[in-house]
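Worksheet for the structure shown next.
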Amino acid sequence: MRFLDDEDANDPMLSVVNLIDLFLVIIGMLMVVIAQNPLNPFSQDKVVVVENPGEADMRITIKDGQELTRYESNGEVGQGQGSRAGVTYRLDDGRMIYVPEE
């Protein structure tokens with residue numbers, strides 16, 4: 001039993017259609033793998049993601065349950081009222097020590 005005639009066997013469009021189907025299946029599998037990844041930061045309830053820390057275009061995204069809040073830097077220095085709370089020292093090994101003032 002023959003499924004294709006001789007003229008259909010030489011049609012290059014059949015190969016292209018089969019490649020497109022194959023790529024769609026691969027893309028679908030990759031999307032499932034990404035969604036099920038345990039290292040996905042948005043799979044947890046409370047997450048803070050900092051993009052470009054210390055840069056002028058820094059963004060902070062906070063996820064608390066189903067609520068997403070995004071803070072974007074505008075490049076200006078913040079200001080406000082407050083008082084000095086203590087001193088922070090960086091040790092030689094990179095650790096930070098905070099010493100509160102009395």
Side-chain angles (χ1 to χ4, degrees):
M1 178 179 205
R2 298 183 67 189
F3 293 105
L4 296 174
D5 295 333
D6 288 334
E7 60 206 34
D8 289 339
N10 295 329
D11 188 12
M13 286 304 291
L14 290 176
S15 298
V16 172
V17 170
N18 287 336
L19 283 176
I20 291 172
D21 290 341
L22 177 67
F23 286 131
L24 287 174
V25 169
I26 291 173
I27 289 171
M29 289 177 15
L30 288 174
M31 289 178 69
V32 168
V33 168
I34 290 171
Q36 297 295 327
N37 186 359
L39 297 178
N40 183 2
F42 292 105
S43 64
Q44 301 167 356
D45 283 339
K46 294 186 178 187
V47 177
V48 176
V49 178
V50 179
E51 301 172 38
N52 303 326
E55 301 293 324
D57 61 342
M58 181 173 78
R59 287 181 294 221
I60 300 173
T61 305
I62 300 172
K63 177 186 177 206
D64 190 7
Q66 293 293 323
E67 181 181 342
L68 282 176
T69 307
R70 172 171 268 183
Y71 300 101
E72 294 190 21
S73 173
N74 57 7
E76 297 179 6
V77 176
Q79 59 182 338
Q81 297 180 0
S83 62
R84 184 173 170 166
V87 180
T88 304
Y89 297 98
R90 180 185 310 267
L91 299 179
D92 292 336
D93 61 359
R95 291 184 296 161
M96 302 286 282
I97 303 275
Y98 169 72
V99 180
E101 291 182 345
E102 295 182 22

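Side chains included, hydrogens not; waters and symmetry mates left out as well; all remaining heavy atoms used. This is a predicted model, so every value here is computed, not measured.
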Requested in this report: Please indicate whether Met31 has more than 12 foreign heavy atoms, meaning atoms of other residues, nucleotides or ligands, lying under 6.0 Å from its CE.
Outcome: no
Report task. Can you establish whether the number of heavy atoms outside Tyr98 located under 6.0 Å from its atom OH is more than 12? Result -> yes
Report summary line: Taken in chain and number order and not counting sequence neighbours, the residues that satisfy side chain to side chain contact (heavy atoms under 4.5 Å, CB included) with Met29 are Val25
Query raised in the report: Residues in side chain to side chain contact (heavy atoms under 4.5 Å, CB included) with Asp92, at least two apart?
Result: none
Query raised in the report: Linking Ile, Leu, Val, Met, Phe, Trp and Tyr through side-chain heavy atoms less than 4.5 Å apart, which residues share a cluster with Leu91?
Result: Val87, Tyr89, Ile97, Val99
Requested in this report: Sequence neighbours left out, what passes side chain to side chain contact (heavy atoms under 4.5 Å, CB included) with Ser83? Give chain and number order.
Outcome: none
Requested in this report: Kindly give the cluster partners of Val48, where membership spreads through any ILVMFWY side chain lying under 4.5 Å from a current member.
Outcome: Val50, Met58, Ile60, Ile62, Tyr71
Query raised in the report: If you look only at pairs with a residue in residues 64-73, which of them pass as a salt bridge (charged side-chain N to carboxylate O under 4.0 Å, His left out), with sequence neighbours excluded?
Result: Glu51-Arg70
**Report entry** Apart from Val33 itself, residues in the same hydrophobic cluster as defined by side-chain heavy atoms under 4.5 Å
**Finding:** none
Query raised in the report: With Arg95, which residues qualify under salt bridge (charged side-chain N to carboxylate O under 4.0 Å, His left out), at least two apart?
Result: Asp93
**Report entry** Listed partners of Glu101 passing salt bridge (charged side-chain N to carboxylate O under 4.0 Å, His left out), at least two apart
**Finding:** Arg84
Requested in this report: Check side chain to side chain contact (heavy atoms under 4.5 Å, CB included) between Ile20 and all other residues, then give those that pass, not counting sequence neighbours.
Outcome: Val16, Leu24
Query - Other cluster members, Leu30 - Ile/Leu/Val/Met/Phe/Trp/Tyr, side-chain contacts below 4.5 Å - result: Leu22, Ile26
